[in-house]
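Report on one structure; see the data block that follows.
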Protein chains: 2
Amino acid sequence: MANIRDVSKLAGVSVATVSRVLNQNGYVHPDTEQKVLKAINELNYIPNFVARSLSNKKTKTIGLIVPDITNPFFPELARAVEDVMKIYGYTVILCNSDEDEEKEKHYFQILKQKYIDGLILATASMPISDMQAFDVPIVVIDRIVSQGIPTVVAKNKEGARLATRLLLKQGCKKVAHLRGPESVINARERCEGYVDVVREKEWFHPNLIIQGNYEIKKAFHETMKLLTEQPDVDGIFAGNDLMAIGAMKAAQQLKIRIPDELAIIGFDGITLGEMIFPELSTVAQPIYDMGAIGARMLIKLIENSPVDKLYQQLDVQFIERGTTRKVCD
Amino acid sequence: MANIRDVSKLAGVSVATVSRVLNQNGYVHPDTEQKVLKAINELNYIPNFVARSLSNKKTKTIGLIVPDITNPFFPELARAVEDVMKIYGYTVILCNSDEDEEKEKHYFQILKQKYIDGLILATASMPISDMQAFDVPIVVIDRIVSQGIPTVVAKNKEGARLATRLLLKQGCKKVAHLRGPESVINARERCEGYVDVVREKEWFHPNLIIQGNYEIKKAFHETMKLLTEQPDVDGIFAGNDLMAIGAMKAAQQLKIRIPDELAIIGFDGITLGEMIFPELSTVAQPIYDMGAIGARMLIKLIENSPVDKLYQQLDVQFIERGTTRKVCD
DNA sequence: GCGCTTACTGTAACCGGTTACACACCGGAG
DNA sequence: CTCCGGTGTGTAACCGGTTACAGTAAGCGC
């Protein structure tokens with residue numbers, strides 16, 4: 001592979017001139033430029049990014065840490081990030097942390113060594129202090145970490161209230177909540193939203209809040225238990241779509257008809273919700289937008305452009321599909 | 001951030017010695033080593049990967065090009081690749097090509113500039129000549145490109161035959177095939193497998209082969225058309241799980257009972273198949289294994305270890321779930 | 001004719017590592 | 001006592017770019 005010195009020799013100029021042509025900065029005589037371009041073309045020269053990065057301290061590479069790309073929420077987010085980054089000439093390194101602090105630390109270390117320009121986190125097992133010590137721009141998506149760190153989230157509590165109220169409005173007499181893991185902040189917020197709405201109801205009891213882990217399997221089992229122990233539950237608000245699907249499977253197994261006997265609302269709006277039957281009613285987060293906005297925010301941070309809002313809270317939207325009854329109001 | 005010269009100064013040795021300690025090569029006196037380690041510790045020094053890459057010409061980074069990470073087949077593959085690469089200290093750059101030749105070329109160019117050590121392709125819009133010109137080790141997964149290029153695939157034709165025979169065995173009288181795009185080789189193979197089995201049947205007619213594009217939506221519409229025009233079709237072998245799901249939705253819409261009136265078998269074995277109701281019977285490829293094996297193969301190619309087989313064809317396995325009738329034999 | 005600005009170009013240091021080569025020391029074989 | 005191979009260490013070139021700085025030439029106003 002040809003390097004810049006080969007080009008400069010062939011063009012009969014110095015490396016500085018070639019570099020100027022490449023980067024379009026400094027003065028270069030049009031004739032000289034032509035000679036250089038011709039040489040570049042002849043040698044099929046492409047500049048070496050690694051060398052450039054070494055003097056620049058810019059790699060045009062960012063890291064994206066997600067818990068598990070296999071979880072249907074994250075591919076869409078990753079896609080958004082990649083799409084935006086591509087536009088601006090950045091490349092994305094994908095990391096799966098499994099919500100494991102050790103793994104996250106490991107990636108922090110590696111990514112730092114690799115001189116990434118920025119980092120997008122869709123996970124947050126990491127202590128905040130470590131994140132602040134990491135002297136590379138960071139944007140957190142879907143998890144609030146601390147006011148000091150640029151963040152993109154959806155209105156979790158508001159969405160949860162909306163869903164719960166909707167279930168009541170359609171006539172549900174006893175609504176349960178399948179909540180996400182204690183350690184995840186958005187799970188907490190969604191649970192709070194649910195509690196806000198049902199707290200005063202005479203039928204409400206804390207045992208209507210079921211502990212899930214954002215995965216189908218556990219949700220399935222817990223829902224089986226719930227529906228056998230408390231058969232009068234006729235509405236479930238699940239903390240995410242996967243758990244809602246787990247709940248649906250439990251109901252289907254128990255021959256409970258959806259939505260007639262049991263209405264279910266999920267949270268997230270992953271495409272998977274449209275692939276199942278009946279299609280899942282859900283509180284949709286703008287997943288792609290969250291990724292795209294986070295990515296744009298990160299680029300601004302990297303390039304020192306002014307960022308209008310370091311804390312973006314995006315609206316959620318209820319999507320009525322097959323697991324809820326129509327309400328005519 | 002401290003660099004190697006700072007360390008050498010603090011330890012009172014030369015940079016060469018520090019480098020030798022870091023890389024555990026060459027002779028270093030134990031006492032000297034201790035001094036160096038102490039200095040490294042004190043300065044919190046971590047070596048700069050970019051600089052290392054520049055002289056090494058090894059970045060410990062590979063590229064992974066998939067059509068679209070949003071397609072449920074690829075996250076599992078990506079996860080496998082990332083898991084294996086992590087073990088060996090490599091990092092993965094994720095690229096979405098949308099099966100678009102231009103985008104693929106663009107990534108080839110960028111990745112080359114970034115000095116990646118190897119490339120995994122799960123897409124193949126690229127002419128073979130371009131791939132051979134790319135002087136970096138490549139492994140292709142799920143798409144056969146050419147005998148010259150290391151490849152990991154599943155036994156597509158065999159799996160297709162298996163599925164089609166199974167449908168017949170359970171008593172289907174007229175089995176249609178929803179095929180994938182013409183341009184994708186595995187779609188062709190699966191179609192051939194289907195034709196192998198039904199060619200001789202008196203009911204067979206080429207209009208039982210329906211053109212899909214591996215996506216749900218089109219499969220849904222085409223199946224709607226098929227089932228209304230030829231209501232006697234009682235079995236569908238779909239070229240992938242997504243299309244099978246599209247077909248299921250069409251049947252559900254038309255109130256055709258699955259599997260009693262219509263049996264469906266998919267291909268791939270994506271986890272999505274277990275999330276729907278009824279769960280999808282499918283010819284499962286070992287997706288994770290394909291990724292993992294491909295990744296291991298790539299590492300061997302990169303590190304010049306001997307590779308036993310440059311062309312790995314993995315077994316598929318029929319998974320009987322809810323969209324087929326049990327056969328008692 | 002002189003000084004000053006602008007256009008253009010080259011030299012060489014620098015980014016932060018790796019490593020070929022040179023050199024010095026030491027113990028054992030002959 | 002000399003020679004030799006194994007240890008241990010430093011100097012400096014190199015990877016392939018960027019860029020500060022210096023230098024030259026031309027154009028212009030006075």
Side-chain angles (χ1 to χ4, degrees), chain A residues 1-37 39-40 43-61 89 109-110 112-117 135-136, chain B residues 1-40 43-61 89 109-117 135-136:
Chain A
M1 278 251 300
N3 64 27
I4 198 170
R5 281 160 240 267
D6 297 334
V7 175
S8 74
K9 239 171 265 169
L10 182 61
V13 298
S14 74
V15 290
T17 302
V18 178
S19 178
R20 286 186 197 110
V21 172
L22 289 171
N23 300 297
Q24 314 257 40
N25 60 16
Y27 294 111
V28 178
H29 191 95
D31 295 352
T32 316
E33 183 170 2
Q34 283 314 308
K35 278 194 295 184
V36 171
L37 291 176
I40 286 175
L43 293 173
N44 234 313
Y45 167 74
I46 48 171
N48 179 327
F49 236 99
V50 176
R52 186 175 279 179
S53 299
L54 184 58
S55 55
N56 269 349
K57 292 160 178 320
K58 297 221 169 303
T59 50
K60 287 279 182 179
T61 300
Q109 157 99 345
I110 300 278
K112 195 170 194 169
Q113 282 193 45
K114 293 214 171 169
Y115 253 56
I116 52 159
D117 294 339
D135 56 353
V136 166
Chain B
M1 280 253 298
N3 64 28
I4 198 170
R5 281 160 238 266
D6 298 332
V7 175
S8 74
K9 239 171 265 169
L10 183 62
V13 299
S14 75
V15 290
T17 302
V18 178
S19 177
R20 286 193 270 260
V21 171
L22 289 172
N23 300 298
Q24 314 256 41
N25 59 18
Y27 294 109
V28 178
H29 191 93
D31 294 353
T32 317
E33 183 170 3
Q34 283 313 309
K35 278 193 296 183
V36 172
L37 290 175
K38 188 157 160 277
I40 286 175
L43 293 173
N44 234 312
Y45 167 75
I46 48 172
N48 179 326
F49 235 99
V50 177
R52 186 174 277 179
S53 299
L54 185 58
S55 55
N56 269 348
K57 293 163 177 317
K58 298 224 169 299
T59 50
K60 286 279 182 179
T61 301
Q109 158 98 346
I110 301 278
L111 293 174
K112 195 169 194 171
Q113 283 192 44
K114 293 214 171 169
Y115 253 54
I116 53 160
D117 295 339
D135 55 353
V136 165

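In what follows, every heavy atom counts, from backbone to side chain, and hydrogens, waters and symmetry copies are set aside. From a predicted model like this one, the values you see are computed outputs, not experimental measurements. Proteins get letters first, then strands, A, B, ... in listed order; numbering begins at 1 in each.
Distance CG (B/Asn56) to C1' (C/dG16): 12 Å, rounded to an integer number of Å. Rounded to an integer number of Å, the gap from A/Asn3 CG to D/dC15 P is 8 Å. Per the geometry, CD belonging to B/Glu33 stands 14 Å off C1' belonging to D/dT9, to the nearest Å. The separation between B/Leu22 atom CG and C/dG17 atom C1' is 9 Å, rounded to whole Å. Rounded to an integer number of Å, the gap from NZ of B/Lys114 to C1' of D/dG17 is 15 Å. Atom CD1 of B/Ile4 is separated from atom C1' of C/dT18 by 8 Å (rounded to the nearest Å). One interatomic measurement links the two molecules: CD of A/Gln34 to C1' of C/dC8, which rounds to 16 Å at whole-angstrom precision. Atom P of nucleotide C/dT19 and atom CG of B/Leu54 are separated by 12 Å, given to the nearest angstrom.
Residue A/Asn48 places none of its side-chain N or O atoms closer than 4.0 Å to OP1 or OP2 of D/dG16. Residue A/Thr17 places at least one side-chain N or O under 4.0 Å from the OP1 or OP2 atom of C/dG10. Side-chain nitrogen and oxygen atoms of A/Lys57 include at least one within less than 4.0 Å of the OP1 or OP2 phosphate oxygen of C/dG16. For D/dT18, one of the phosphate oxygens OP1 or OP2 lies less than 4.0 angstrom from a side-chain nitrogen or oxygen of A/Ser19. Between B/Thr32 and D/dT9 there is a side-chain polar atom (N or O) within less than 4.0 angstrom of OP1 or OP2.
A/Ser53 comes within 4.0 angstrom of no nucleic acid atom, judged by non-hydrogen atoms across all strands. Heavy atoms of A/Val50 sit nowhere under 4.0 angstrom from any nucleic acid atom.
Scanning atom types as modelled, one donor and one acceptor separated by under 3.5 angstrom connect the side chain of A/Arg5 and the base of D/dG17. In the interface, the side chain of A/Arg52 is not paired with the base of D/dG16 through any donor and acceptor atom under 3.5 Å apart.
Not one N or O on the side chain of B/Asn23 forms a donor-acceptor pair closer than 3.5 Å with the backbone of B/Asn25. Using modelled atom types, no side-chain atom of A/Ser8 and backbone atom of A/Val18 make a donor-acceptor pair closer than 3.5 Å.
The nearest heavy atom of DNA chain C to A/Val13 and to B/Met1 marks one nucleotide each, and the one closer to the 5' end goes with A/Val13. Projected onto DNA chain D by closest heavy-atom contact, B/Ala16 and A/Asn23 fall at different nucleotides, the more 5' of which corresponds to B/Ala16. Nearest-nucleotide assignment on DNA chain D puts the 5′-proximal partner with B/Tyr27, out of A/Ser55 and B/Tyr27.
Here the closest non-hydrogen pair linking A/Asn3 and A/Tyr45 is C-CE1, 3.6 Å. A pairwise comparison of heavy atoms in A/Ser19 and A/Ile4 identifies N-CD1, 3.9 Å as the closest pair. The shortest heavy-atom contact between A/Gln113 and B/Ile46 is CG-CD1, 3.8 Å.
A donor and an acceptor atom, one from each side chain of A/Thr61 and A/Lys114, are nowhere located under 3.5 Å apart.
The nucleotide whose nearest atom lies closest to any side-chain atom of B/Ser14 is, among C/dC8, C/dG17, D/dT11, D/dT11. Relative to the side chain of A/Asn25, the nucleotides C/dG16, C/dT18, D/dT19 differ in distance, and D/dT19 lies closest. Taking every side-chain heavy atom of A/Pro47 into account, D/dG17 is the closest of D/dG8, D/dT11, D/dG17.
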